[in-house]
Each structure stands twice: as structure tokens, then as C-alpha cells.
Colleague: 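Starting off with a structure, shown below.
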Amino acid sequence: MASTSVSSIQQRFKYDVFLSFRGEDVRKTFVDHLYHALVKKGIITYKDDETIKKGERISEQLMRSIEDSRFYIIVFSKNYASSSWCLDELVKIMECQKMTEHTAYPVFFDVEPTEVRHQSGAVGEAFAKHVRGSWSSVLPLDCLCSIVESCCNKSSASLNGSTVDLENDDNVGRWRNAMKEAAGLAGLELKNTFNGHEANFIQQIVEEVSLKLHLFNSIIDDKLVGMVTPVKDVVSSLEIDSDDVRMIGIWGMGGGGKTTLARAVFDSISILFEAKCFVENVREGSKGSSLKELQKKVLQSVLNDKSIEVESVYDGKSLMKRMLCSRKVLLVLDDVDDTEQLEALAGKPTWFKPGSRIITTTRDKQVLKAHQVNFIPQVHFIHDVSLLSHEEAICLFSRYAFGRETPNQGYDELSRMVVRYANGLPTTRKLRISYPNFRPKKI
């Protein structure tokens, strides 16, 4: 992906998703349900009959809206290829797809990818109407379809010694190439997904787009450096599409960025879960009799019920075991230092609904190992938070101290001294920079 800042990309794109479809096939059925599912998920979606302003030329607005969209969902149906409008739209989408900021996502509704790739079958029948010349008036449809299917990579075909021009003012060739390219992209086919059940199919589309979109638009503090790769690594290990209950441990020394990493991951993927809870500072919060208060916080947040009370840690375990299994949960337990805390807050995978994910941060790797052996032997992974490189450290320091990527003139040596003192710890650098006497003076 191009090295463009999150904020600049968010400003650039007006829409998260652009829907491309053949209205007569799916506008009032599949696409209508898909559109409302995307909007319900908070995804800004362009659908022509919802967003065209009266008096504005559709073609100009469509082209502009395609450019202004981050993702494209192309719904291929039997009559998609019969519309020159849809095909022009597809050509524009595939042009934008070649740019790193855009992603096209084909959905094969009632046709197969091979039909789109080769303009065969139902797609070939729809595409045949674009064959130019007198042949379209004298040849039967099945003959035209045969010509199109047999010559999908050619600009013309021979019939009884005569030539049939398939390019139609250069449009047919461009349309054919765009369909071939789109069919080669990773997408979903209805008949091979959830046995053709549209509701589940739509849910999967929305979840996949949501994950990609929110990973791309993760709200990460612009003063944080070195987070993009660790966030991607943790999310990859979580395997969101896997239907197990998975726990990820993030281990490292104090001030190393564990909490920051966990928060960034949480912000990136929380939209994909039915419930979420980020429990901060478990180590301090569990002292005395407060462990039951942390259990209450988890229960109230996950179940969205502030009336829930917990009488004891034992009572809390029973409630969590009985009530958390109804929701697909994303739970973060930050700064854990004792297995008792994990036993009370995330005892066994059977406490949680399949698909749930638990992220734990700690300074003590043995806490994670002990919980792995005793409770979750098959789904426990540990990530070590690495210190920042010298270049990343200088960049982070400069962002906090000077509001730029590099030190101000005259502060190079002082900046290097602070970075050496911090020794790669992000929190240490933030504390040093926050000290009021350090702020550079205006000259």
C-alpha cells in the first residue's frame, strides 16, 4: 500500500463502498438488502438510486463517485453484461483498481466466475447484444453468443468467410478486458457460500469489507510510530474468520507499547463483533476485592446491562460462564500480572461464543504460559512487543516535541540524547517530551 497517511486518505474518499449492479436483476432484492446491511454497519455506501441529486447528469456523477470510493462491490448477475452503462462503470472501476488506494470486490450472484471471465453462458447471451453491424439483425442470438464465446480475446470473428466486428467503437474490447480482470479478483460466489442462503452471504460480504475498511481506516494516534506492522501481525494471528475462541497474549516490558498496540487492534476490529470491552490496568484494578468489579464491568459492557451486580469473584465466574456465551465478544485485558485474574475474567473458551477473541497484555510471559497450559492449550499465541529502532524513535520524539518528522534545527544532538536515554521505550519518550521545561522555545 502506498505510504499515505490515514487522515489524508480519509479526507480523500467520500464513500467507503461503491455498489455496481444491474438494476433490473437485483436492485429491489439482493442489492437492496446488501446496501442496508452496509449502512447499518456504519459503512458509507454509494448506490445510484439513493444518492443521485435531481438535475445532475448520472454519467458524470457516477464516474466522480467511483473515483471518490475506497472499495467497489461488483454484483455480477445474468443481465449485468447487457448494460453498456454497467460495463462502462466496470471499466472505470478496474482503472481505479490499479491504484493502490482502491480495491474491487466481485460478487457472483447468479453467474459463475468463468462465465464472466470468458463471457460465456448467461453472461455471453447478455454480452452478445453489443456485437455491432448487420449481423445482429440477421443472425440468431445463439449464433451471436457462439461468436462472442469463441472469440473472447479477439476483436473480430469469421463467419462463412466474412468478418464480424466485435469491437463496437472500441467499447466491446474494453468491456471484455474489464470483465476478465474483475473475474480474476478474489471475491465470493453465492451458490458456493452458505449453500446459497442470501442472508448469510450478505453478512459475510459485510464482515469482510468491514474488516478491510477498518484495518485501513484504523484510528491510530498520528504521534505513534512503528504500530502499523505490529497491528497487522496481531490481527493476522487472531484469524477473525475462524470460528473458534482465540486468545492472544501481548508480552513486553513496561512502557514498551503493549497497551497502545492492544488499543490500536481493538479500534481496528471491534466493529466486527457483537460486543466489546477493553479492561484497562487489570493489575491495579484487581487489588483488594476489586476483581469482582472488573468482572462486573465486563458483564455490563458485553451485555449492555448496567443493572448487573456481582456478589463475589466466584459469583462473577458463574455469571460470565452462563451469560457471555450468547455474544461474539472482543475482550481486551490490559496489564495482567497474575493467573488468578485470567481465571476470573477469561477462564475457559467455553465461556465465550464461537468467534470471540480475547487479547491480554502483560509484562510476565509466564502468566500467559500458565494460562495456556491450564486452560486454553489449543488457541493461545504470544506476541513480543519489540522496541523501536533508532529512526522510529527519532521520528516519534520529533512528532511530540516539534510537531514534525525530524528535529528542529539546533535540536539534533539533544534529540539523540533523549532517544538514547529512552532506550527504545515509547512511554519513556512521551514522559520526557511532556516535561514542560523541555518544550523548544520560539525564536
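Heads up: numbering here begins at 1 and tracks the sequence. All values derive from a computational prediction rather than experimental measurement.
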Colleague: Indicate yes or no: does R22 engage E89 in a salt bridge with an N to O separation below 4.0 Å.
Modeller: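 E89 and R22: not salt-bridged.
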Colleague: Side chains of S77 and D110: donor-acceptor distance under 3.5 Å anywhere?
Modeller: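 Absent: no donor and acceptor within the cut-off.
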Colleague: Is the backbone of P354 close enough, under 3.5 Å, to the side chain of S356 for a donor and an acceptor to pair up by distance?
Modeller: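 Here the side-chain-to-backbone pair does not exist.
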Colleague: Once the angle between the rings of Y72 and H102 is folded into 0 to 90°, is it parallel (under 30°), tilted (30 to 60°) or perpendicular (over 60°)?
Modeller: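 Parallel, since the angle between the ring planes stays under 30°.
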Colleague: Does the plane of the ring in F201 sit parallel, tilted or perpendicular to the ring in F30? Use 30° and 60° as the thresholds.
Modeller: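 Tilted.
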Colleague: Salt-bridged, D48 to R27, with N to O below 4.0 Å?
Modeller: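 Here D48 pairs with R27 in a salt bridge, since their nearest N and O are under 4.0 Å apart.
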Colleague: Among D25, V123, N79, whose side-chain contact (heavy atoms from CB on, under 4.5 Å) with V111 holds?
Modeller: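 Exactly one option meets the side-chain contact (heavy atoms from CB on, under 4.5 Å) with V111, and it is V123.
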Colleague: Which heavy atom in F278 sits nearest to a heavy atom in K297, and how many Å separate them?
Modeller: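 Residues F278 and K297, closest heavy atoms: O-NZ, 3.3 Å.
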Colleague: Quick one about E115 and S120 (side-chain donor to acceptor, distance below 3.5 Å, no hydrogens or angles considered), yes or no?
Modeller: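 There is no such pair between these side chains.
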Colleague: Do we get K321 above W351's six-membered ring, with its NZ or CZ under 6.0 Å from the centre and within 45° of the axis?
Modeller: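 No.
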Colleague: Determine, for E181 against K98, whether the closest basic-nitrogen to carboxylate-oxygen distance falls under 4.0 angstrom.
Modeller: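 Yes, E181 and K98 are salt-bridged.
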Colleague: Sub-3.5 Å donor-acceptor pair from the side chain of Q119 to the main-chain atoms of V116, do we have one?
Modeller: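 Present.
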Colleague: For residues I358 and A346, report the shortest heavy-atom separation together with the two atoms involved.
Modeller: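 Nearest pair, atom of I358 first, then A346: CG2-CB, 4.2 Å.
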Colleague: Nearest heavy-atom pair of L299 and I308: which atoms, and what distance?
Modeller: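 Closest approach of L299 to I308, heavy atoms only: O-CD1, 3.9 Å.
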Colleague: Strictly below 4.0 Å, N to O, side chains only: are K78 and E125 in salt-bridge contact?
Modeller: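 Judged by the 4.0 Å cut-off on N to carboxylate O distance, K78 and E125 do not form a salt bridge.
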Colleague: Give the C-alpha distance, both sets of side-chain angles, the deciding distance and a yes or no for side-chain contact (heavy atoms from CB on, under 4.5 Å) between I73 and L38.
Modeller: CA-CA 11 Å; I73 298 179; L38 290 165; 4.1 Å; yes
Colleague: Against the six-membered ring of F273, is R357 placed for a cation-pi contact (under 6.0 Å from the centre, within 45° of the normal)?
Modeller: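 No, R357 does not sit over the ring of F273.
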Colleague: Under a 3.5 Å cutoff, is there a donor and acceptor pairing between the side chains of D335 and T361?
Modeller: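 There is no such pair between these side chains.
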Colleague: Please list, chain by chain and in numerical order, all residues satisfying side chain to side chain donor-acceptor pair (under 3.5 Å) with K276, sequence neighbours excluded.
Modeller: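 If we apply the side chain to side chain donor-acceptor pair (under 3.5 Å) test to K276, skipping adjacent residues, there are no hits.
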Colleague: Between P113 and A183, what is the shortest heavy-atom contact and its length?
Modeller: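 Smallest interatomic distance, heavy atoms only, reads O-CB, 3.6 Å.
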Colleague: Hey, does I359 have a side-chain heavy atom less than 4.5 Å from the side chain of L330?
Modeller: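 Side-chain contact under 4.5 Å: yes.
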Colleague: I'd like to know whether C325 forms a side-chain contact (heavy atoms from CB on, under 4.5 Å) with F352, so could you lay out the CA-CA distance, the side-chain angles of the two residues, the decisive distance to 0.1 Å, and finally the verdict.
Modeller: CA-CA 4 Å; C325 60; F352 302 93; over 6 Å; no
Colleague: So, using side chain to side chain donor-acceptor pair (under 3.5 Å) as the criterion, who are the partners of T362 when residues are at least two apart?
Modeller: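 Side chain to side chain donor-acceptor pair (under 3.5 Å) list for T362, sorted by chain: empty.
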Colleague: Can you establish whether the number of heavy atoms outside D305 located under 6.0 Å from its atom CG is more than 12?
Modeller: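 Yes, the 6.0 Å shell around CG holds more than 12 heavy atoms from other groups.
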Colleague: Any heavy-atom pair between the side chains of W251 and V367 that's under 4.5 Å?
Modeller: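 The answer is no; the side chains never approach within 4.5 Å.
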Colleague: Does E207 pair with K41 as a salt bridge, N-O distance under 4.0 Å?
Modeller: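 No salt bridge links E207 with K41.
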